[in-house]
Amino acid sequence: MPNMTYEEYLDEVTTLIVEKYDVADEAAIKMVVQAQDAEFFVRHDEVASMRNLDQAHQDAKTIFTAASKPKR
């Protein structure tokens, strides 16, 4: 699969969070938006080769894990 556009990549990460971690669409979208606000995806926007399915799986796990940690 060729590299995705930035928007396609964000959609893929969101979909993976929903499918792999049984999270509601709205909650997954919120997680990805929060990660985006925290500049998690800046390099993905700048480096097209980072927008691939393997990286999307890794990022979905990272974002889900971070969002699932208890807030202090």
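Numbering starts at 1 and runs along the sequence shown.
The distance from atom CD1 of Ile29 to atom CD of Gln34, rounded to the nearest 0.5 Å, is 12.0 Å. Note: Thr62 OG1 to Ile17 CD1 = 9.5 Å, rounded to the nearest 0.5 Å. A distance of 11.5 Å separates CD in Glu8 from OG1 in Thr15, rounded to the nearest 0.5 Å. Atom CG of Asn52 and atom NE2 of His44 lie 8.5 Å apart (nearest 0.5 Å). Note that OG of Ser68 and CE of Met31 are 5.0 Å apart. Values are rounded to the nearest 0.5 Å. Atoms CE and CD, from Met4 and Gln55 in turn, are 10.0 Å apart once rounded to the nearest 0.5 Å.
The two residues Thr14 and Leu10 make their nearest non-hydrogen contact at OG1-O, 2.8 Å. When all heavy atoms of Ala28 and Val23 are compared, the pair lying nearest together is N-CG1, 3.6 Å.
A continuous path of Ile, Leu, Val, Met, Phe, Trp and Tyr side chains, each step under 4.5 Å between heavy atoms, connects Ile63 with Tyr6, placing both in one hydrophobic cluster. Follow the hydrophobic side-chain contacts under 4.5 Å out from Val13 and you never reach Met50; the two are in separate clusters.
The ring pair (Phe, Tyr, Trp, His ring centres under 6.0 Å) pairs that include a residue from residues 11-33 are Tyr21-Phe64, where partners are two or more places apart or lie in different chains.
Evaluated for a side chain to side chain donor-acceptor pair (under 3.5 Å) with Tyr9, the options Asn3, Asp45, Asp59 yield exactly one hit, Asp59.
Under a cut-off of 6.0 angstrom, the local environment of NZ in Lys20 is crowded, with over 12 non-hydrogen atoms contributed by other residues, nucleotides or ligands. Heavy atoms of other residues, nucleotides or ligands lying less than 6.0 angstrom from CD of Glu39 number 12 at most. Counting heavy atoms of neighbouring residues, nucleotides and ligands inside a 6.0 Å radius, atom CG of Asp37 exceeds 12 of them.
Arg51 is not listed as a side-chain neighbour of Glu12, based on a closest heavy-atom distance of 4.5 Å or more.
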